[in-house]
Amino acid sequence: MLDRRFVVENAELVEQNCQRRGAHADVRAFVELESRRKTQQFEVDELNRKANAVSKSIGKTKDPQEREARKEEGRALREATTAAQAELDAIVAESETILRVIPNMSHPEAPVGADDKANLELRRGKHEPPTFEGKPLDHVELGERLDLIDFEAGAKVAGHGFYFLKNDAVLLEFALQRYALDLLLSEGFTPTITPDLARNEILQGTGYIPRGPETQIYSIAETDLSLVATAEITLGGLYSGEILDTAKLPIKLCGISHCYRTEAGAGGRAARGLYRVHQFTKVEMFAYTLPDDSEAMLDYFCELECRLFDGLGIAYRVVDTATGDLGGPAYRKFDLEAWMPGRGESGEYGEVTSTSNCTDYQARRLGIRYRTGEKGTAFVHTLNGTAIAVSRALIAVLENYQQADGSVVVPDVLRAWVGKERIVPAGA
RNA sequence: GGACGGGUGGCCGAGUGGUCUAAGGCGGCGGUCUUGAAAACCGCUGUACGGGAAACCGUACCGGGGGUUCGAAUCCCUCCCCGUCCGCCA
């Protein structure tokens, strides 16, 4: 969330930003509540001060009658304090309801627009989309013919949106993970495998809403736990409530987790197959930085994503996400969209990675700070980025590397782990 | 899952109802001494909100939440976490 004082002092900017991002937050009501909060806080402090003074004097009073009189005075003051505090709590709760839906500010260069149609293409990868004789198959068909993905069995066992990976798809899953992991290791990231569940408090801190009609999150009944939608959640929670050693920043983490998403309201042809599923594996990048370093870190994350997909030999474009499509915590977001030959009528770009600079928006809620040179602390900046989201990377690999004979060539960089150059139909 | 013991500042650790304004130590910062350093000695050293030009002052915070009391780190309830033992288990 944003800093309360910042919102009050920049109400017009914040309001304008809400409009650009399609967020409905009553900024004016918040400003009004903040001024009431200040007054009320002062009132509570004063009452506490008086009550404390009375309590202290009782300890020193010898005369029993005098003591009783003071106690009575103390009781009255505490009663008044309780009432004033209750009013303050109500004001805080009301203002927080508004503050929670105010999104992060936006980078001045982020394209302004209501949705992904306003996204701005920044550049393309090294490789051109492949050409095919005849219409290429999509990954669902390839997966079926090569006995790699069983959607029917997934649906039977767990419902629509689940799948079994089989045979060489399992090797591809591990190969993709290992490919990403090796790059991040060589770049000095600390590798982690994170919990697949997290407390709702941590989800909220990172900007995810665990319950409610439009939630993307699966929650575990009768607990305060949810399945994570990304390791961004657990990696953000990793240092919650801590003051980080400034000398150790930036901290670069790589987190491998399963990701679970309800995908409420999704559907249609674009969501066919592995593109929009309830569970997938993801290798995630995460960083904690000093405020001045976060923009460079975002570029670095984006560059790593480009290197991964250039290395896979897959065509992609880099997109600067429009304000209306940013989500709550992001200040700026770059997506990589890989060429998927089986998507749409004659191939389309589909999102395979996403990297965001969340500035101090998550850190403030999670309470992650560093010591400034002078006295005091400030909030760090947090960034996240996809290294490999296996399900979507798998679509890109299968569809781009399909051959006229029905086989799929394994990209060079994955061969060491898959152990073969080509995936062929059973019995071929 | 059960029983018992714990959770106190950046770290360690004392504190079982009233000068707690949280002892003491370590670490850190500043100073004295020194050619320099170490040692020794002296001083300073938590976070947030509010007031103030500033010095400073007020309030809250001793794992989270709630309660008892004029007054809670301290007593009660509850949840979380850590340790030990038992049970179960890949």
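Chain A is the first sequence line, chain B the second, and so forth, proteins listed ahead of strands; every chain is numbered from 1.
- Using modelled atom types and a 3.5 Å distance limit, the side chains of A:K282 and A:T230 yield a donor-acceptor pair.
- Residue-to-nucleotide proximity on RNA chain B shows that, of A:G74 and A:D89, the 5′-proximal contact is made by A:D89.
- A donor-acceptor pair is defined here as one N or O able to donate and one able to accept, closer than 3.5 Å; such a pair exists between the side chain of A:T355 and the backbone of A:N384.
- Nearest to the side-chain atoms of A:K38 among the listed nucleotides B:rG18, B:rC81, B:rG51 stands B:rG51.
- Comparing the same atom, C1', in B:rG52 and in B:rA38 gives a spacing of 44 Å after rounding to whole Å.
- If you take CZ of A:R369 and C1' of B:rG9, they are 13 Å apart, rounded to a whole angstrom.
- Between the CE atom of A:M1 and the C1' atom of B:rA48 there is a distance of 12 Å, rounded to whole Å.
- Comparing atom distances between the A:F42 side chain and each of B:rG50, B:rG18, B:rC80 picks out B:rG50 as nearest.
- Comparing B:rG71, B:rC80, B:rU21 by their closest approach to the side chain of A:R199 singles out B:rC80.
- Searching all strands for a Watson-Crick or G-U wobble partner of B:rU19 with both distances below 3.5 Å returns nothing.
- Residue-level contact check: A:R5 touches the backbone only, with heavy atoms under 4.0 Å from sugar-phosphate atoms and none from bases.
- The pairing partner recorded for B:rA72 is none, the criterion being a Watson-Crick or G-U wobble arrangement whose two distances lie under 3.5 angstrom.
- Across all strands shown, B:rC49 is found opposite B:rG58 as a Watson-Crick or G-U wobble partner, with both distances under 3.5 Å.
- If you check B:rG43 for Watson-Crick or wobble pairing at under 3.5 angstrom, you find it paired to B:rC29.
- Distances shorter than 4.0 Å separate none of the side-chain N or O atoms of A:N52 from OP1 or OP2 on B:rC70.
- The P atoms of B:rC26 and B:rG18 are separated by 29 Å, rounded to the nearest whole Å.
- Base contact: A:R67 has a heavy atom under 4.0 Å from a base atom.
- One P atom belongs to B:rG5, the other to B:rC57, and the distance between them is 42 Å to the nearest Å.
- Rounded to a whole angstrom, the distance from the P atom of B:rU74 to that of B:rG17 is 11 Å.
- In this structure, A:R49 reaches the sugar-phosphate backbone alone: every heavy-atom distance under 4.0 Å involves primed, P, OP1 or OP2 atoms, never a base.
- Of all nucleotides present, only B:rC12 satisfies the Watson-Crick or G-U wobble test against B:rG24, with each distance under 3.5 Å.
- Proximity of a side-chain donor or acceptor of A:T215 to a complementary backbone N or O of A:I209 within less than 3.5 Å is detected.
- When the C1' atom is compared between B:rC33 and B:rG51, the two are found 43 Å apart, to the nearest whole Å.
- Taking atom CG of A:N48 as the reference point, atom P of B:rA60 lies 4 Å away to the nearest angstrom.
- Classification of the A:H278-A:Y218 ring pair by plane angle, with boundaries at 30° and 60°, yields perpendicular.
- One can place CD of A:E96 at 14 Å from P of B:rC49, the figure rounded to the nearest angstrom.
- If you check B:rU21, B:rA60, B:rC70 against the side chain of A:K56, the one that comes closest is B:rU21.
- B:rG58 and B:rA39: their C1' atoms are spaced 43 Å apart (whole Å).
- For the C1' atoms, the distance linking B:rU19 with B:rC76 amounts to 27 Å, nearest Å.
- Under the Watson-Crick or G-U wobble criterion, with both distances below 3.5 Å, B:rA3 is paired with B:rU84.
- Atom P of nucleotide B:rG46 and atom CD1 of A:I243 are separated by 11 Å, given to the nearest angstrom.
- Taking side-chain N and O atoms only, A:R364 has no distance below 4.0 Å to OP1 or OP2 of B:rA48.
- When only modelled atom types and interatomic distance are considered, A:R20 and A:S106 share no side-chain donor-acceptor pair under 3.5 Å.
- Remark: A:T377 is in phosphate contact with B:rA48, judged by side-chain N or O atoms under 4.0 Å from OP1 or OP2.
- An OP1 or OP2 oxygen of B:rG71 is reached within less than 4.0 angstrom by no side-chain nitrogen or oxygen of A:R75.
- Between A:D45 atom CG and B:rA60 atom C1' there is a gap of 7 Å when expressed in whole angstrom units.
- Taking atom C1' on both nucleotides, B:rC42 is separated from B:rC61 by 31 Å, rounded to a whole Å.
- Within the 3.5 Å criterion, the main-chain N or O of A:E263 finds a donor-acceptor partner in the side chain of A:Q216.
- At whole-Å resolution of the value, CZ in A:R37 and P in B:rG51 are 10 Å apart.
- When both distances must be under 3.5 Å, the Watson-Crick or G-U wobble mate of B:rA38 does not exist.
- Whole-Å rounding puts the A:E242 CD to B:rG9 P distance at 13 Å.
- At B:rG71, one or more side-chain N or O atoms of A:R78 fall inside 4.0 Å of OP1 or OP2 (strictly under the cut-off).
- With values rounded to the nearest 0.5 angstrom, A:L394 atom CG is found 8.0 Å from A:E173 atom CD.
- Distance from the side chain of A:R371 is smallest for B:rG46 among the nucleotides B:rC70, B:rG46, B:rA60.
- Ring planes of A:Y163 and A:F151: tilted class, angle from 30 to 60°.
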